[in-house]
Amino acid sequence: MIDELVVRLARLEEQMRYVVTAVERLGNRDAELDASFRAMYERFNQALSTQGEAFRVSLQDVTGKFVSREDWAFWKSLLTASLLALLAYGWSALLGFRH
C-alpha cells in the first residue's frame with residue numbers, strides 16, 4: 001500500500017510539473033499577445049495620424065485654392081451681381097404691384 005501511495009504521489013508530482021510548465025507557457029503567451037496588441041495599436045495610431053495629417057494638408061490646399069484672390073474676386077462679383085438682380089427684380093415687382 002505504501003508503494004502504491006509513493007507511485008501515485010510521484011505521478012501527481014509529475015502532473016503538477018506539467019501544470020506549472022503549461023501555466024508558465026500561458027504566461028509567456030499572454031505577454032507575447034500583450035506586446036503584439038500594443039505594437040498593432042501603435043501602428044494603427046500612427047497610420048491614423050498620418051491619414052489625418054494628409055487629409056488636413058489636402059483640405060488646407062483645397063481651401064487655399066478656393067479662397068485664392070482670383071476665385072474670391074469671381075465669387076464676390078457673382079454674389080454682387082445676383083444681389084443687384086434680386087434688388088432690381090424686387091423693385092420692378094414692387095412698382096408693378098402699385099399700378
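Note that the numbering runs from 1 along the sequence shown for the chain.
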Requested in this report: State whether Arg56 and Glu53 are salt-bridged, where the test is any N-O pair (Lys NZ or Arg NE/NH1/NH2 against Asp/Glu carboxylate O) under 4.0 Å.
Outcome: yes
Report summary line: Those residues at least two apart in sequence (or on a different chain) that pass side chain to side chain donor-acceptor pair (under 3.5 Å) with Glu13 are Arg17
Query raised in the report: Is it true that Arg38 and Glu42 make a salt bridge, defined as a side-chain N closer than 4.0 Å to a carboxylate O?
Result: no
Report task. Look up atom OH in Tyr41 and atom CG in Leu48, then write down how far apart they are to the nearest 0.5 Å. Result -> 9.5 Å
Report task. Starting at CE of Met40, measure out to CZ of Arg43 and round the result to the nearest 0.5 Å. Result -> 7.0 Å
Query raised in the report: Roughly how far, to the nearest 0.5 Å, is CG of Leu33 from CG of Asn28?
Result: 11.0 Å
Query raised in the report: What distance do Ile2 atom CD1 and Leu9 atom CG have between them, rounded to the nearest 0.5 Å?
Result: 11.5 Å
Report task. Evaluate whether atom CD of Glu32 has more than 12 neighbouring non-hydrogen atoms of other residues, nucleotides or ligands under 6.0 angstrom away. Result -> yes
Query raised in the report: Is Asn45 close to Ser49 at the side-chain level, that is, under 4.5 Å between some pair of heavy atoms?
Result: yes
Requested in this report: Indicate yes or no for a side-chain donor-acceptor contact from Ser58 to the backbone of Ala54 under 3.5 Å, with no hydrogens or angles considered.
Outcome: no
